[in-house]
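A short write-up of the structure that comes next.
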2 protein chains.
Amino acid sequence: MSRNKRAELVERSLWLFYRNGFHATGMDLVAKETGVSKTSIYKHFRTKEELILAALQLRDTNFRSWLFDRMETLADTPKAQMLAIFDAIEEWFLEDSFQGCMFIKASAEYQAEDHAINQQSMAHKQLLADHFANLASAAGYVDPETLANRLMVLKEGAIVLAAMSHSAKPAQDARAIAQVLLETTARKQDA
Amino acid sequence: MSRNKRAELVERSLWLFYRNGFHATGMDLVAKETGVSKTSIYKHFRTKEELILAALQLRDTNFRSWLFDRMETLADTPKAQMLAIFDAIEEWFLEDSFQGCMFIKASAEYQAEDHAINQQSMAHKQLLADHFANLASAAGYVDPETLANRLMVLKEGAIVLAAMSHSAKPAQDARAIAQVLLETTARKQDA
DNA sequence: TGCGATATTAACAGATCTGTCACCTACGTA
DNA sequence: TACGTAGGTGACAGATCTGTTAATATCGCA
């Protein structure tokens with residue numbers, strides 16, 4: 001299997017898992033929808049779980065790169081970029097393909113603390129939090145990790161409510177809270 | 001089946017679905033773990049989905065009654081009770097049985113907008129938001145619905161992160177944000 | 001042309017899924 | 001005692017699940 005075909009297999013699997021759920025998506029369906037025979041899939045991924053992990057890894061890369069790019073495009077300063085998280089996710093909510101956060105859904109279906117899928121989902125969230133903490137640090141906030149974790153609370157809350165209600169409005173609620181939060185949180189040099 | 005046995009069946013099913021997930025919990029396991037034969041189960045619930053809906057209904061009643069009681073116990077004024085949401089859920093996160101929000105998980109596995117399970121999950125969230133809005137109104141906030149929705153964002157974000165990270169700390173993050181939010185949001189008579 | 005590696009098809013194993021069927025048991029009431 | 005009802009048992013249908021096997025086909029490359 002060429003690198004391209006393998007990548008295509010993982011990408012198409014990603015969408016199937018994302019849209020249908022993990023348990024609800026069988027390997028026969030994956031084979032049918034990706035055009036790759038089940039035998040070939042199992043030559044490259046020993047188990048369904050390995051394929052799910054590969055899909056999550058791709059999703060992690062794609063989503064972080066998309067979000068960080070979007071934040072940079074929408075705002076200049078570190079502080080404004082933190083607020084732009086919520087403009088970016090509002091755009092995401094408005095896409096037809098939006099179905100919630102793949103990692104929340106993955107860890108909901110495989111929630112054992114030591115399960116590889118849950119750990120990989122947690123790692124994704126940690127990478128986001130790290131990026132937010134870097135921005136908070138650049139913006140001069142006294143306790144960047146705490147601020148980053150609080151932005152994560154806002155982001156995850158907005159995603160969950162947007163997915164359940166099929167509405168983009170929670171992004172605006174989260175953004176308004178973030179604005180208050182960014183204004184009232186202590187910075188080293190006030191400006 | 002007596003009313004008691006039926007209630008016990010639903011309650012035990014609830015815990016199985018909550019802990020294992022919905023697709024991952026088969027009806028044979030439900031029969032085995034509840035002590036009610038599969039035949040009897042299917043005499044009272046025509047499909048697995050009907051049993052899931054009954055479990056969600058019970059969970060809705062139990063959870064709301066627990067949360068609202070806890071909020072009233074922990075705080076006196078409407079404003080303080082809104083903050084006590086986050087003290088209550090922190091207690092919840094610290095319970096061994098905590099596995100995230102059953103409704104988030106349900107709507108993650110059955111996410112079609114018109115699916116009964118998703119609609120019932122959404123209805124639960126709406127009932128919570130309504131209660132918060134009543135408190136916000138009693139506390140004199142100018143736009144109680146908006147404040148209630150924002151508290152929901154905080155609550156859902158904290159639950160998701162607590163479930164994924166197996167930590168109670170997101171409750172404190174959410175509480176700190178709520179505190180700022182409650183202080184900076186417009187009220188009819190400032191006090 | 002012919003080799004070697006890889007992919008494909010189709011069937012299969014063995015388990016599990018939802019849901020059903022026929023038959024049996026236990027019990028309250030007449 | 002006899003009857004109706006409600007529940008239990010265990011097997012079963014038919015589909016689907018993950019994962020495998022064996023034979024066939026395709027393709028790059030020498």
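Throughout, a chain's letter reflects where its sequence line sits, starting with A, and its residues are numbered from 1. Quantities reported herein were computed from a predicted structural model and do not represent experimental measurements.
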(request) May I have the distance from B/His23 (atom NE2) to D/dA15 (atom P), rounded to whole angstrom? (result) 19 Å
(request) Identify which nucleotide among C/dA10, C/dT18, D/dG10 has an atom closest to any side-chain atom of B/Tyr42, counting heavy atoms from C-beta outward. (result) C/dT18
(request) Counting heavy atoms from C-beta on, name the nucleotide in C/dT18, D/dG8, D/dT18 closest to the side chain of B/Met27. (result) C/dT18
(request) Provide, to the nearest angstrom, the distance between the CD atom belonging to A/Glu49 and the P atom belonging to D/dT18. (result) 12 Å
(request) From the options C/dT8, C/dC21, C/dT18, select the nucleotide whose nearest atom is closest to the side chain of A/Ser40. (result) C/dT8
(message) Tell me whether B/Gln57 at atom CD has more than 12 heavy atoms from other residues, nucleotides or ligands lying less than 6.0 Å away.
(response) no
(message) I'd like to know if B/Arg175 and B/Glu90 make a salt bridge, using a cut-off of under 4.0 Å between side-chain N and carboxylate O.
(response) no
(request) Check if the side chain of A/Thr47 and the base of D/dT18 share a donor-acceptor pair of N or O atoms closer than 3.5 Å. (result) no
(message) Any salt bridge linking B/Arg64 with B/Asp60? Criterion: basic side-chain nitrogen under 4.0 Å from a carboxylate oxygen.
(response) yes
(request) Starting at atom CG of B/Leu51, determine the distance to atom P of C/dT18, rounded to an integer number of angstrom. (result) 10 Å
(request) Take the protein atom CD1 of B/Ile41 and the nucleotide atom C1' of C/dC17, then report the distance between them rounded to whole Å. (result) 14 Å
(request) Could you state the atom-to-atom distance from CG of B/Asp28 to P of D/dT16 in whole Å? (result) 17 Å
(message) Taking donor-acceptor contacts at under 3.5 Å, does the side chain of A/Thr39 reach the base of C/dA10?
(response) yes
(request) Look at B/Glu109 together with B/Lys105 and state whether they make a salt bridge at an N to O cut-off of under 4.0 Å. (result) no
(request) Would you mind reading off the distance between A/Lys43 atom NZ and C/dT9 atom P, rounded to a whole angstrom? (result) 12 Å
(request) Mind calculating the distance between NZ (A/Lys48) and P (D/dT18) to the nearest angstrom? (result) 4 Å
(message) What is the distance, to the nearest angstrom, from the NZ atom on A/Lys38 to the P atom on D/dC17?
(response) 9 Å
